[in-house]
Amino acid sequence: MQRDKCGELRREAAGREVVLAGWVHRVRDLGGVTFVDLRDASGIVQLVLRSATHLSREDVIRIAGTVRLREARNPSLPTGDVEVEVEEVEVLSRAKPLPLSVAEEGLPSEETRLRYRYLDLRRPRMQRNLRLRHRAGMAIRTYLDREGFVEVETPMLTRSTPEGARDFLVPSRLARGTFYALPQSPQLFKQILVTSGVERYFQIVRCFRDEDLRADRQPEFTQLDLEMAFLEEPEELFPLLEGLASHVFRETIGVEIALPLPRLPHAEAIARYGSDKPDLRFGMEIADVSSLFAAGPLRLFAEVVAGGGAVRALPVPGGAGRSRGELAKLEEVAQGHGLPGLAWVKLGEAITSSFGKHVPAETLSAIAAQAGAHHGDLILLAAGRPEVASTSLGDLRLRLATELGLIPEGRWALAWIVDFPLFKEGEGRLESEHHPFTSPRDEDLPFLTRDPLKVRAKCYDLVVNGVELASGSIRIHRRELQEQIFRILGIGEEEAERRFGFFLRALEYGAPPHGGIAFGLDRWMMMMAGEASIREVIAFPKTTTGACPLTDAPAPVDEGQLRELGLRLAP
RNA sequence: GGGGACGUGGUCUAGGCUGGACUAGGACACCGGAUUGUCACUCCGGAGACCGCGGGUUCAAAUCCCGUCGUCCCCGCCA
């Protein structure tokens with residue numbers, strides 16, 4: 001269909017004969033003359049109709065006409081200098097009265113939006129989001145291609161390798177009673193690919209996890225997955241990834257990211273911000289004031305410190321005026337983390353505290369100094385196991401900063417979180433902090449047998465504004481070490497062979513040292529688009545119950561289909 | 001698995017706490033009419049909802065209670 005683009009008509013086009021096709025955006029019928037805003041992917045232009053063709057919103061039409069300069073321009077449209085005097089109109093397709101408003105304000109319910117997604121996606125904001133995502137994808141591919149990466153597809157029908165989440169299963173017809181699993185990530189395939197001589201692999205790939213949904217979680221989601229051979233240390237990978245991230249930010253939303261990015265050891269992130277994905281757009285750092293209480297006047301806190309615990313302090317700017325009730329609410333948050341309570345110091349006209357007279361004024365001043373708090377501020381104190389004390393205050397730090405409007409908009413605070421522990425305590429056994437294929441740090445290898453919880457991993461997260469954007473590691477490339485890790489995780493030799501045998505074997509035929517990372521692409525898009533939900537950057541997302549209102553999936557299947565698969569539904 | 005919020009014409013919403021003139025109001029969309037310079041056009045008129053569904057309390061339920069379904073948010077879960 002030969003046609004011109006609505007959004008590209010400018011002053012210079014005046015006098016030209018054009019053919020336009022698009023959707024009727026709005027109709028203003030003045031009787032003798034009717035104005036129609038015609039919309040196509042390029043934008044909107046005003047048509048002038050003098051014939052009596054009845055048009056409704058979202059009708060699809062094709063017109064032929066002449067571009068003319070307007071008497072009065074419309075400054076709110078890029079095409080506002082011109083209009084098209086219509087000579088011929090052809091209705092290509094009628095639109096019924098709309099089941100939802102295509103206006104930006106007063107959004108319909110999520111379900112209605114998804115049921116009529118083809119209308120919902122016509123909103124400028126959604127069009128913008130789709131295009132933003134496309135630009136990001138282009139930027140990613142351009143950058144990685146230039147760096148010598150090869151995009152390789154990996155199977156969607158694969159085997160269940162019970163890692164973290166619940167698998168989506170696909171029954172096999174040819175081998176009754178067996179199942180494929182949809183991949184939670186291409187983890188093992190990408191490691192096998194670098195072992196196969198693809199020294200630089202990447203893929204923009206769909207992943208599947210059958211867990212409950214959230215605003216930032218869908219059962220199927222997209223990762224930017226990449227892996228490189230001949231890496232032994234995280235630092236060898238960071239410059240490339242930083243280049244990628246800054247390139248994508250620049251090409252997608254025009255934001256410049258200052259490089260190199262700060263590195264923050266995991267332990268420090270917890271201590272200073274009470275989170276392994278700290279929001280670094282603002283201060284309010286947590287201070288350790290344990291030493292002030294170690295031999296101090298408060299027996300309760302002294303005992304905590306003596307028992308290996310810590311007392312940590314969070315400054316709250318301008319918080320000195322908080323009422324007892326407000327403090328109680330904050331305390332509830334801390335209690336939710338398992339702390340018995342919160343202590344506080346107010347730097348008001350006088351310095352007051354929840355300690356009454358038990359703690360001398362000079363100690364209170366010392367606390368204020370260490371917490372970096374000033375006149376008018378409040379200091380919240382948490383005492384307990386160091387991590388619990390910190391994460392409780394970390395939670396409060398975020399809540400209070402949000403409430404106080406201390407988080408600057410338009411800032412992008414990126415950082416690497418490094419030196420995660422390799423293991424964490426699970427239910428009666430050790431679990432991988434990242435995943436079982438993560439390499440321990442060389443200097444911590446001696447602790448593997450003696451004190452595994454002390455072992456740090458060659459593992460890293462890329463954190464943006466308090467959101468985990470990407471997570472990766474240097475992998476284990478020697479079978480013996482991989483088997484040792486499995487043993488520590490309580491995966492026996494027989495089980496390891498059964499579940500991961502194919503992978504262990506691959507490590508026996510010349511596997512280079514390697515490592516990589518996976519970005520949560522949807523979350524990244526969500527942030528760049530300034531959206532609060534991942535669904536706004538996914539064309540056809542699912543509801544919280546995993547349903548698709550557009551197609552009504554999931555749906556029952558015919559008895560015959562089940563029979564072919566050898567399946568019968570339990571009563 | 002648990003907690004919370006919401007559900008009123010096609011869409012968004014008022015009403016709900018404190019049940020009775022609610023004969024459920026408004027805006028947008030829709031239909032009819034007027035209208036030759038609008039651009040969120042305007043003006044006049046019209047149609048359209050038994051208030052998600054089921055049960056209960058009551059003389060009386062959109063309103064109170066219970067259940068259920070749906071949507072959203074959070075905790076658990078998500079290597």
Side-chain angles (χ1 to χ4, degrees), chain A residues 25-38 44-52 54 56-58 68 70-77 79-80 82-83 85 95-116 119-120 161-168 184-185 187-188 207-221 333 336-337 395 399 420 422-424 426-427 430-438 457 459 461 468 471-473 475 485-486 489 491 518 520 523 532-535 541-547 549 552:
Chain A
H25 191 67
R26 208 163 250 134
V27 181
R28 291 178 295 279
D29 180 358
L30 274 67
V33 62
T34 299
F35 296 98
V36 171
D37 291 337
L38 187 68
I44 290 176
V45 71
Q46 174 167 285
L47 310 179
V48 186
L49 274 85
R50 301 192 193 269
S51 65
H54 182 87
S56 308
R57 290 182 167 207
E58 300 305 313
R68 282 196 333 206
R70 288 207 202 184
E71 288 159 26
R73 60 183 301 269
N74 180 350
S76 57
L77 282 180
T79 61
V82 296
E83 61 190 6
E85 181 79 31
K96 297 209 295 185
L98 305 180
L100 51 80
S101 161
V102 182
E104 290 291 350
E105 65 288 340
L107 281 181
S109 75
E110 197 82 16
E111 194 187 0
T112 307
R113 293 183 59 198
L114 294 183
R115 184 171 306 283
Y116 299 97
L119 292 176
D120 189 53
T161 46
E163 292 145 28
R166 201 175 289 119
D167 283 317
F168 279 101
Q184 294 184 24
S185 87
Q187 181 60 36
L188 295 178
C207 303
F208 305 86
R209 291 175 194 177
D210 189 5
E211 296 293 345
D212 289 355
L213 280 65
R214 284 284 194 290
D216 61 354
R217 254 163 40 190
Q218 284 272 306
E220 52 178 316
F221 59 99
V333 174
H337 288 268
D395 188 352
R399 288 171 192 253
F420 282 79
L422 187 61
F423 301 109
K424 62 184 173 202
E427 290 151 19
L430 293 180
E431 289 173 9
S432 290
E433 172 74 33
H434 185 54
H435 60 52
F437 314 106
T438 304
C459 158
D461 280 3
E468 181 197 310
S471 184
S473 63
R475 328 295 185 188
I485 299 292
F486 281 154
L489 291 172
I491 302 173
R523 273 185 205 176
S533 162
I534 209 177
R535 289 184 302 271
K542 308 269 190 289
T543 66
T544 333
T545 49
D552 271 331

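Given the structure is predicted, the values throughout are model-derived calculations rather than measurements. Naming: A, B, ... by sequence-line order, numbering from 1 per chain.
Closest contact between the side chain of A:E211 and the listed nucleotides B:C77, B:G37, B:C72 involves B:C77. Taking only side-chain atoms of A:S533, from C-beta outward, the nucleotide of B:C39, B:A40, B:C73 with the closest atom is B:C73. The side chain of A:R26 sits closest to B:C41 out of B:G37, B:C41, B:U11. The side chain of A:S109 lies closest to B:C12 when the candidates are B:C78, B:C12, B:G37. Set against B:C78, B:G70, B:U38, the side chain of A:L30 has B:U38 as its closest nucleotide. Of the candidates B:C77, B:C73, B:G37, B:C77 carries the atom nearest the A:D212 side chain, counting heavy atoms from C-beta on. Considering only side-chain atoms of A:R217, the nucleotide from B:C39, B:U36, B:C78 that sits closest is B:C78. For A:R28, the listed nucleotide lying nearest its side chain is B:C41; candidates were B:G37, B:C41, B:C74.
At the heavy-atom level, A:L98 lies under 4.0 Å from the strands shown only through sugar-phosphate atoms. Heavy atoms of A:E433 sit under 4.0 angstrom from primed sugar atoms or phosphate atoms, though from no base atom. Note on A:R214: a base of the nucleic acid sits closer than 4.0 angstrom, heavy atoms only. Note on A:E468: nothing from the nucleic acid sits closer than 4.0 angstrom, heavy atoms only. In this structure, A:R535 reaches the sugar-phosphate backbone alone: every heavy-atom distance under 4.0 Å involves primed, P, OP1 or OP2 atoms, never a base. Across all strands shown, A:T545 has heavy atoms under 4.0 Å from sugar-phosphate atoms exclusively, and none from any base. A:R399 comes within 4.0 angstrom of no nucleic acid atom, judged by non-hydrogen atoms across all strands. Across all strands shown, A:D29 has heavy atoms under 4.0 Å from base atoms, whether or not it also approaches the sugar-phosphate. Within the nucleic acid shown, A:H337 has no heavy atom closer than 4.0 Å to any nucleic acid atom. Residue A:R57 is classed as a sugar-phosphate contact, given heavy-atom separations below 4.0 Å to backbone atoms only. When heavy atoms are screened at a 4.0 angstrom cut-off, A:E110 is found touching the sugar-phosphate backbone but no base atom.
Of the P atoms belonging to B:A47 and B:G25, the separation is 12 Å, rounded to the nearest Å. The separation of B:A62 from B:U13, taken at their C1' atoms, amounts to 14 Å, rounded to a whole angstrom. Comparing the C1' positions of B:U35 and B:G15 gives an interatomic distance of 37 Å, to the nearest angstrom. The P atoms of B:A34 and B:G9 are separated by 33 Å, rounded to the nearest whole Å. Nucleotides B:C12 and B:C51 are separated by 15 Å at their C1' atoms, to the nearest Å. Going from the C1' atom of B:C30 to that of B:C6 covers 27 Å, rounded to whole Å. Comparing B:G16 with B:C65, their P atoms are spaced 14 Å from each other, to the whole Å. B:C17 and B:U63 are spaced 9 Å apart, taking the C1' atom of each and rounding to whole Å.
Here B:U71 presents its P atom at 15 Å from CZ of A:R113, a figure rounded to the nearest Å. Atom CD in A:E58 sits about 15 Å away from atom C1' in B:C30, given to the nearest Å. Straight-line distance from the CG atom of A:L47 to the C1' atom of B:U38: 13 Å, rounded to whole Å. Atoms CD (A:Q46) and P (B:A40) sit 10 Å apart, rounded to a whole Å. Rounded to an integer number of Å, the gap from A:D167 CG to B:C78 C1' is 12 Å. One atom, NE2 of A:H25, and another, C1' of B:C41, lie 15 Å apart when rounded to the nearest Å. A straight line from CD of A:E431 to C1' of B:C78 spans 12 Å, rounded to a whole angstrom. Rounded to an integer number of Å, the gap from CZ of A:R70 to P of B:U38 is 11 Å.
A:D120 has no carboxylate O lying under 4.0 Å from a charged side-chain N of A:R115, or vice versa, which leaves the two without a salt bridge.
Pairing for B:U23 is absent, judged as Watson-Crick or G-U wobble with the two contacts each under 3.5 Å. Nucleotide B:C39 has no partner under the Watson-Crick or G-U criteria, as no pair reaches both atom distances under 3.5 Å. Pair check for B:C64 finds B:G56; Watson-Crick or G-U wobble, both atom distances under 3.5 Å. Base pairing of B:A5 is made with B:U71, judged by Watson-Crick or G-U wobble geometry with both donor-acceptor distances under 3.5 Å. Across all strands shown, B:C28 forms a Watson-Crick or G-U wobble pair, both distances under 3.5 Å, with B:G10. In this structure, B:C17 forms no base pair with any nucleotide, since neither Watson-Crick nor G-U wobble geometry is met with both distances under 3.5 Å.
Comparing A:L114 and A:R209 against RNA chain B, the residue whose closest nucleotide sits nearer the 5' end is A:L114. Mapping A:R166 and A:P549 onto RNA chain B via the closest heavy atom, the residue that lands nearer the 5' end is A:P549.
A 4.5 Å side-chain heavy-atom check between A:H435 and A:S473 finds at least one atom pair inside the cut-off. Inter-residue side-chain proximity for A:L119 and A:P99 is flagged as met; some heavy-atom pair is nearer than 4.5 Å. Residues A:V102 and A:R57 form no side-chain contact, since every pair of their non-hydrogen atoms from C-beta on lies 4.5 Å or further apart. Contact check for A:T79 versus A:Q46: no side-chain heavy atoms found under the 4.5 Å cut-off.
A:S101 has no side-chain polar atom (N or O) that falls below the 4.0 Å cut-off from OP1 or OP2 of B:C12.
When all heavy atoms are compared, the tightest approach of A:I44 to A:H25 is CD1-CD2, 3.5 Å. Between A:G164 and A:Q184, the closest heavy-atom pair is N-OE1, 3.9 Å.
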Check against side-chain contact (heavy atoms from CB on, under 4.5 Å), A:E110 and A:T543: CA-CA 8 Å; A:E110 197 82 16; A:T543 66; 5.9 Å; no

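Remark: the backbone N or O of A:K542 is paired with a side-chain donor or acceptor of A:Q218 at under 3.5 angstrom.
Between the side chain of A:E83 and the base of B:G37, a donor-acceptor pair under 3.5 Å is found.
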